[in-house]
Amino acid sequence: MPLYLYRMKNFTVEADSATFEFNTMNIQRLQLFQVYVTHNGEKKRFHMQVNDQGDFKITDPQSCPEEYHRTEEQLNKAIQIYGKP
């Protein structure tokens, strides 16, 4: 039986008046994303990773501008919807 690999999708969403770019870090399953957002004219990068409950959480809150911490649930839902192949 052949093995087929499905590449998880990179995608962009808007939340809280900001554009978030998601780049998958795993080709076989939803697990880890690098997330980019422009804040005060500077591109910031942080990571979101799945936890034991299947939710994506910001793993490095010090890298994510504090005002976007409240979007974590919206970003989690976006991954569940748009990150799948």
Side-chain angles (χ1 to χ4, degrees):
M1 175 183 278
L3 173 65
Y4 295 99
L5 293 180
Y6 296 97
R7 176 127 169 89
M8 298 294 108
K9 293 181 186 174
N10 294 333
F11 61 95
T12 301
V13 296
E14 295 212 12
D16 202 26
S17 301
T19 301
F20 295 85
E21 300 172 29
F22 290 79
N23 294 323
T24 183
M25 301 300 292
N26 191 303
I27 63 168
Q28 292 183 308
R29 67 184 184 105
L30 292 178
Q31 180 179 355
L32 176 65
F33 284 84
Q34 286 183 341
V35 184
Y36 295 88
V37 63
T38 299
H39 179 69
N40 294 332
E42 186 178 338
K43 198 167 212 173
K44 301 287 185 174
R45 181 188 70 161
F46 60 96
H47 294 90
M48 292 191 74
Q49 186 168 12
V50 70
N51 65 13
D52 292 337
Q53 293 74 40
D55 295 320
F56 280 83
K57 299 292 185 180
I58 298 170
T59 61
D60 49 348
Q62 70 283 358
S63 298
C64 177
E66 189 172 331
E67 65 196 62
Y68 299 128
H69 289 192
R70 67 178 177 257
T71 65
E72 185 175 61
E73 183 58 31
Q74 287 177 282
L75 300 178
N76 171 53
K77 287 179 182 177
I79 292 170
Q80 303 295 342
I81 294 168
Y82 301 113
K84 296 178 181 178

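Since we're looking at a predicted model, the values are computed, not measured.
- Put simply, the side chain of T59 does not reach to within 4.5 Å of the side chain of F46, judged on heavy atoms.
- Formation of a donor-acceptor pair under 3.5 Å by the D60 side chain with backbone atoms of H47 is found in this model.
- For Q80 against F56, the heavy-atom pair with the smallest separation is NE2-CD1, 3.6 Å.
- Partners of E42 by salt bridge (charged side-chain N to carboxylate O under 4.0 Å, His left out), not counting sequence neighbours, listed by chain and number: K44.
- Shown here are the salt bridge (charged side-chain N to carboxylate O under 4.0 Å, His left out) partners of E21, two or more places apart in sequence or in another chain: K43.
- Between L30 and I79, the closest side-chain pair of non-hydrogen atoms falls below 4.5 Å.
- Side-chain N or O atoms of N51 include one that pairs as donor or acceptor with a backbone N or O of Q53 at under 3.5 Å.
- Formation of a donor-acceptor pair under 3.5 Å by the N23 side chain with backbone atoms of N10 is not found in this model.
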side-chain contact (heavy atoms from CB on, under 4.5 Å) between H69 and C64, worked out: CA-CA 7 Å; H69 289 192; C64 177; 3.7 Å; yes
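- In summary, the aromatic rings of Y68 and F20 are positioned with their centroids under 6.0 Å apart.
- Formation of a donor-acceptor pair under 3.5 Å by the E72 side chain with backbone atoms of I58 is found in this model.
- Annotation for Q62: atom CD counts as buried by contact number, over 12 foreign heavy atoms lying within 6.0 Å.
- Annotation: side chain of F22 is in contact with side chain of L75 (closest heavy-atom distance under 4.5 Å).
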